[in-house]
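This report concerns only the one structure given below.
These values consider heavy atoms only, across backbone and side chains, with no hydrogens, waters or symmetry-generated copies. Lettering follows sequence order; numbering is per chain, from 1.
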Amino acid sequence: MEKKTEFVEAIVDKSKDFSRWYTDVVVKAQLADYSPIKGCMVIRPYGYALWEKIQSLLNARIKATGHQNAYFPLFVPEGLLAREAEHIEGFSPEVAWVTEAGSEKLEERLAIRPTSEAIICSMYAKWIDSWRDLPILINQWANIVRWERVTRLFLRTTEFLWQEGHTAHCTEKEAEEEALKMLGVYKDFIENDLAIPVLTGEKTEREKFAGALRTYSLEALMADGKALQTGTSHNLGQHFAKVFNITFQDMDEKRKYVWQTSWGVSTRLIGAIIMTHGDDSGLVLPPKIAPVQVIIIPIWGREEEKEIVASRVEEVERLLKAAYEVEVDWRSEYTPGWKFNEWELKGVPLRLEIGPKDVAKKQVVLVRRDTREKEFVSEEKVARRVGVLLDEIQADLFKRAKKFRNDNTRPASRIDEMEAILSEHRGFILASWCGSPDCEEKVKEKTMATIRCIPLGKRQAGKCVVCGKRGWAVYFSRAY
RNA sequence: CGGGGUGUGGCGCAGUUUGGUUUAGCGCGCUUGCUUUGGGAGCAAGAGGUCGGAGGUUCAAAUCCUCUCACCCCGACCA
């Protein structure tokens, strides 16, 4: 233990300095690095591989629910962005503008999209004319720029990658169903594939998306007890339809405005994975999104041993490659111990060791990343055992995260009780709120906690933690 | 944008208080060679910095002064 800190590659303890730990993991596991541009990061191959996993798994779900991918421009003319008053007001502090091209000043400056509602709505107005044109169900994978004052790797960067769905429907009911459907798709994806438990619910007026009628969100609890919004789904109502004049003629021959939704998740999810599952040794990746699921470490001493080991390693590799993401670490300049540490830092779910002793016994050594449990498995059973273990790790990570979330969700009936809980534990607090922005603000002032979401479904009655009037249960937390 | 902190080879740091024997030093990493390889290997020989940037004070600046940039932490704002 003492020795551990002497190594440059060592990362700071999670419990000692969570922020520092987080940055250490991101940089040292080579997920991302700081770039010469303020607030912008470079996503390195290992981090980008994670994003590609997220993309492919989520993309499949987005398509399975009937959406198509498209691509809209990076630029939004000021006139378009400014049409929806609440929208521009909400985003203007963080919009980057292009004002010149070459040596010429532009007549109308162009916003670099902070989100694409405006540019997409301008096209929908063109494409929609009849009820037969609806619904429009389009998604795009894109980059976004928001000039944030304070940035953190993956959690908040000036430029980030995301997916944004934009749909238009005939009726309010359809739009509402769509917004909730996508919230469900996200929940399914984040819980099943990323193994991160999330609370879902509606945002308050103060927290909702600029220009939306209603915003739904997914809220996860990070290991330091702060909440992280992992995705949003908005029912835009007819706000944008009215200012962009997106109308259609309905079956009843009347001209009507469409009802819209938009929804998105971003590279921030990678931050959520790190802060939910990681430990003092670094990343811990859920098998379903691990770019490398099994790392094989060959161990040898003398040259003859290397040959014997190599042939076994190649056999096992071939066997496992059929079903899993497998890599072999053949580097001879590092000792096995060094490799163990490095791959643990990178969060690979399973390590498979093959050395001379194993060859002699016709076995391999399997070690789980999450629990570090070691087991010896005979060669003929390796493939099946790897599958079982990966499934177990996936399930256990979710279980553990959920237990943590539940253990750190506490009820409170008065604001001083909230303060006490937050000063000691942080986490979610389930408490009642009367619905007034003043009471919401007062909680924030006194506890730094905000309403993360109002649970969906039947509202649970109670007395407001601030004013004592009739209200209903909502989740509070300090948040990223 | 407010409060605090940090910038010295690739990384982590010492040196800055009290300018000058420091040719700017140490650990890790890197290169080459040999020996190693079951929890961060050993020896040997090498390469690499002008001290975030600009200006100033001085015979002399990593060290003092001014400005500036970047990053980190804590707030206010946001995915």
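At the heavy-atom level, A/Lys306 lies nowhere under 4.0 Å from the strands shown. Here A/Tyr480 lies in heavy-atom contact (under 4.0 Å) with a base. Residue contacts for A/Glu148: at a heavy-atom cut-off of 4.0 Å it reaches a base atom on one of the strands shown. Using a 4.0 Å heavy-atom distance criterion, A/Pro356 is classed as a base contact. Across all strands, A/Glu353 comes closer than 4.0 Å to base atoms (heavy-atom distances). Contacts of A/Gly39 with the nucleic acid, taken as non-hydrogen atoms under 4.0 Å apart, involve only primed sugar atoms and P, OP1 or OP2. A/Asp358 comes within 4.0 angstrom of a base, heavy atoms only. Contacts of A/Val365 with the nucleic acid, taken as non-hydrogen atoms under 4.0 Å apart, include base atoms. Counting non-hydrogen atoms under 4.0 angstrom, A/Lys444 reaches the backbone sugars and phosphates but no base.
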Detail all sub-3.5 Å separations between protein N/O atoms and N/O atoms belonging to nucleotides 35-37 of chain B.
from	atom 1	to	atom 2	distance (Å)
B/rU37	O2'	A/Trp300	O	3.1
B/rU37	O2	A/Tyr334	O	3.3
B/rU37	O4	A/Trp300	NE1	3.2

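Every ring pair (Phe, Tyr, Trp, His ring centres under 6.0 Å) that A/Phe160 has, sequence neighbours left out, goes to A/Trp162. In this structure, the ring pair (Phe, Tyr, Trp, His ring centres under 6.0 Å) partners of A/Tyr475, at least two apart in sequence or on a different chain, are A/Phe428. Take A/Glu317 and apply the salt bridge (charged side-chain N to carboxylate O under 4.0 Å, His left out) test, not counting sequence neighbours, and it matches A/Lys321. Residues passing the salt bridge (charged side-chain N to carboxylate O under 4.0 Å, His left out) test with A/Asp416, sequence neighbours excluded: A/Arg414. Contacts of A/Trp330 classified as ring pair (Phe, Tyr, Trp, His ring centres under 6.0 Å), with partners at least two apart in sequence or in another chain: none. With sequence neighbours excluded, the residues forming a salt bridge (charged side-chain N to carboxylate O under 4.0 Å, His left out) with A/Arg452 are A/Glu207, A/Glu219, listed by chain and number. In this structure, the side-chain contact (heavy atoms from CB on, under 4.5 Å) partners of A/Thr99, at least two apart in sequence or on a different chain, are A/Trp97, A/Arg109. Applying the salt bridge (charged side-chain N to carboxylate O under 4.0 Å, His left out) test to A/Lys346 and every residue at least two apart in sequence or in another chain returns nothing.
Looking only at distances, no side-chain donor or acceptor of A/Arg312 sits under 3.5 Å from a matching main-chain atom of A/Glu307. Side chain of A/Asp279 to main chain of A/Gly282: a donor-acceptor pair is present (N/O by atom type, distance under 3.5 Å, no hydrogens or angles). Looking at A/Glu342, its side chain never comes within 3.5 Å of a backbone N or O of A/Trp338 through a donor-acceptor pair.
The shortest distance between the side-chain N/O atoms of A/Arg206 and the OP1/OP2 oxygens of B/rC77 is below 4.0 Å. Distances shown here put a side-chain N or O of A/Ser19 below 4.0 Å from the OP1 or OP2 atom of B/rC74.
In this structure, NZ of A/Lys208 is placed 16 Å from C1' of B/rC78, rounded to the nearest angstrom. Atom-to-atom, CD1 of A/Ile295 to P of B/rG38 comes out at 17 Å; the value is rounded to the nearest Å. Atom pair A/Arg372:CZ and B/rG38:P shows a separation of 18 Å (rounding to whole Å applied). Atoms CZ (A/Arg452) and P (B/rA79) sit 9 Å apart, rounded to a whole Å. In this structure, A/Tyr34 atom OH and B/rC11 atom P are separated by 13 Å, rounded to whole Å. In this entry the distance linking CH2 of A/Trp147 with C1' of B/rA79 reads 17 Å, nearest Å. Atom OH of A/Tyr22 is separated from atom P of B/rC73 by 10 Å (rounded to the nearest Å). Distance A/Glu207 CD to B/rC77 P: 9 Å, rounded to the nearest Å.
Remark: the separation of the C1' atoms in B/rG4 and B/rU8 is 22 Å, to the nearest Å. Going from the P atom of B/rU6 to that of B/rC65 covers 14 Å, rounded to whole Å. Separating the C1' atom of B/rU58 from that of B/rG46 is a span of 39 Å, rounded to the nearest Å. For B/rA14 and B/rU22, the C1' atoms lie 12 Å apart once the distance is rounded to whole Å. To the nearest whole angstrom, the two C1' atoms, one in B/rG40 and one in B/rG27, are 15 Å apart. Nucleotides B/rU16 and B/rA61 have their C1' atoms positioned 10 Å apart, rounded to a whole Å. Separation of the P atoms belonging to B/rG9 and B/rC51 is 10 Å when rounded to the nearest angstrom. For the P atom pair drawn from B/rG56 and B/rG10, the interatomic distance equals 28 Å after rounding to whole Å.
Of all the residues in residues 153-160 of chain A, A/Leu155, A/Arg156, A/Thr157, A/Phe160 reach under 4.0 Å from RNA chain B with at least one non-hydrogen atom. RNA chain B lies under 4.0 Å from no heavy atom of any residue of residues 177-189 of chain A.
Remark on RNA chain B: of its neighbouring residues A/Gly231 and A/Cys40, the 5'-side contact belongs to A/Cys40, judged by nearest-heavy-atom nucleotide.
Between the base of B/rG75 and the side chain of A/Arg478 there is no donor-acceptor pair shorter than 3.5 Å. Below the 3.5 angstrom threshold, one finds a donor paired with an acceptor across the side chain of A/Glu344 and the base of B/rG39.
Test A/Arg368, A/Arg351, A/Arg369 against A/Glu344 for salt bridge (charged side-chain N to carboxylate O under 4.0 Å, His left out) and you get one pass: A/Arg351.
Taking the six-membered ring where the residue is Trp, the centroids of A/Phe209 and A/Phe91 are separated by under 6.0 Å.
Geometrically, A/Lys339 does not engage A/Tyr334 in a cation-pi contact, judged by NZ or CZ lying under 6.0 Å from the ring centre and within 45° of the ring axis.
With a 4.5 Å cut-off on side-chain heavy atoms, A/Ile415 and A/Val443 count as touching. Here the side chains of A/Ser116 and A/Gln140 are in contact, with some heavy-atom distance below 4.5 Å.
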_What does the 5'-to-3' dot-bracket notation of RNA chain B look like when only Watson-Crick and G-U wobble pairs under 3.5 Å count, and pairs to other strands show as |?_
((((((((.[[[[.)....(....]]]].((((((.....)))))).....[[[[[..)....]]]]])))))))....
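Using cut-offs of 30° and 60° on the angle between ring planes, the pair A/Phe240 and A/Phe244 is parallel.
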